[in-house]
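See below for the structure under consideration.
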Amino acid sequence: MITIRAARDADLDGFLALASQVEHWFGPMVEEPGFHRAVEAHIRAGAALVAESAEASGPVGGLLFGAEPPTYHVHWLVTSERLRGAGVGRLLMAEAMRRYVTGPGTVEVVTFGPDHPGAVESGARVFYERLGFRPGEPTEPGPEGGSRQLYRLDVLDVPERRM
């Protein structure tokens, strides 16, 4: 069973463990002080979630969220390699929508461009499309040089909305 909770200061190492599994797609994070600061800032602001499983030690997923109504941002969402496709990301997004989206608006996320090796392998583009996000314009390349694209989800009926 997967549970979702607000991240705590002690979860930084768990976020770094998750980041280590996706650096080949996103570029360096684990040794980057800026990434550490971003995770810590989201935790302090109450804008970070972790997914846990009784069968695993440490988080099996993590999400960093930003809200500037009417625009909301998924800053970072990662699930562990062994649980990708098992609904962890969907649970994280549903909890983020419940906690952070306070009214009609748009949720935005930058994910891999269609030609990025992680676009298919990670399942990110399909994941967001299944949640109702639609592809938008290309954005700046990621730190590793790969293409990125903005995805958007219009939110009309909060808080009863379920993912």
Side-chain angles (χ1 to χ4, degrees), residues 1-69 71-102 105 107-113 116-119 121-128 131 133 139-151 153 155 159 163:
M1 181 172 148
I2 304 296
T3 57
I4 308 297
R5 65 168 173 80
R8 302 183 283 258
D9 290 338
D11 291 317
L12 177 61
D13 287 343
F15 275 93
L16 297 177
L18 290 167
S20 72
Q21 296 178 23
V22 295
E23 285 186 312
H24 60 288
W25 293 324
F26 289 107
M29 291 180 281
V30 175
E31 300 298 326
E32 291 297 319
F35 180 72
H36 291 233
R37 285 191 300 273
V39 172
E40 291 165 343
H42 280 82
I43 291 172
R44 278 192 309 276
L49 299 174
V50 294
E52 296 178 311
S53 170
E55 293 81 42
S57 63
V60 296
L63 180 142
L64 305 178
F65 204 82
E68 297 171 16
T71 306
Y72 305 90
H73 301 275
V74 178
H75 291 155
W76 192 74
L77 171 65
V78 173
T79 60
S80 71
E81 290 172 327
R82 69 179 187 82
L83 288 178
R84 283 194 197 117
V88 174
R90 182 177 289 276
L91 290 170
L92 283 164
M93 282 298 298
E95 184 63 15
M97 298 294 286
R98 188 187 73 73
R99 284 180 186 238
Y100 307 126
V101 178
T102 58
V107 180
E108 297 182 343
V109 62
V110 174
T111 192
F112 304 117
H116 191 287
E121 191 178 336
S122 73
R125 291 172 64 89
V126 169
F127 167 75
Y128 288 115
L131 291 180
F133 284 77
T139 64
E140 295 294 316
E144 84 301 348
S147 66
R148 297 290 192 272
Q149 185 171 7
L150 183 67
Y151 269 58
L153 173 69
V155 180
M163 307 231 43

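FYI, the numbering just counts along the sequence from 1.
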Measuring from [X]:[atom1] to [Y]:[atom2], what's the distance to the nearest 0.5 Å?
{"X": "L16", "Y": "E23", "atom1": "CG", "atom2": "CD", "answer": "9.0 Å"}
{"X": "M97", "Y": "L153", "atom1": "CE", "atom2": "CG", "answer": "5.0 Å"}
{"X": "F127", "Y": "L77", "atom1": "CZ", "atom2": "CG", "answer": "5.0 Å"}
{"X": "F65", "Y": "M93", "atom1": "CZ", "atom2": "CE", "answer": "6.0 Å"}
{"X": "E52", "Y": "S57", "atom1": "CD", "atom2": "OG", "answer": "10.5 Å"}
{"X": "D9", "Y": "E40", "atom1": "CG", "atom2": "CD", "answer": "7.5 Å"}

key: Verdict with reasoning, W76 to H42, per side-chain contact (heavy atoms from CB on, under 4.5 Å)   = CA-CA 10 Å; W76 192 74; H42 280 82; over 6 Å; no
Please report the closest heavy-atom contact between [X] and [Y], naming both atoms and the distance.
{"X": "L92", "Y": "A51", "result": "CD2-N, 4.0 Å"}
{"X": "S122", "Y": "A119", "result": "OG-O, 4.1 Å"}
{"X": "V107", "Y": "V74", "result": "CG1-CG2, 4.0 Å"}
{"X": "Y100", "Y": "Y72", "result": "O-CE2, 3.5 Å"}
{"X": "A48", "Y": "L64", "result": "CB-CD2, 3.7 Å"}
{"X": "P143", "Y": "R148", "result": "CD-NH2, 4.2 Å"}

With distance as the sole test, does [X] use its side chain to make a donor-acceptor pair with the main-chain N or O of [Y] at under 3.5 Å?
{"X": "H73", "Y": "H75", "value": "no"}
{"X": "E32", "Y": "G34", "value": "no"}
{"X": "R84", "Y": "T79", "value": "yes"}

ask   = Y128 vs Y151 aromatic rings, parallel, tilted or perpendicular, using cut-offs 30° and 60°?
value =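 Geometry flag for Y151 against Y128: tilted rings.
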query = Yes or no on side-chain contact (heavy atoms from CB on, under 4.5 Å) for F133 and V109, after CA distance, side-chain angles and deciding distance?
reply = CA-CA 9 Å; F133 284 77; V109 62; 3.9 Å; yes
message = Is there a side-chain contact between L63 and E95 in this structure, where contact means two heavy atoms from C-beta onward sitting under 4.5 Å apart?
response =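 No. Closest side-chain heavy atoms not under 4.5 Å.
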inquiry  = For a 4.5 angstrom cut-off between non-hydrogen side-chain atoms, does V78 reach M29?
reply    = no
ask   = Within a radius of less than 6.0 Å around CD of E144, do more than 12 heavy atoms belonging to other residues, nucleotides or ligands occur?
value = yes
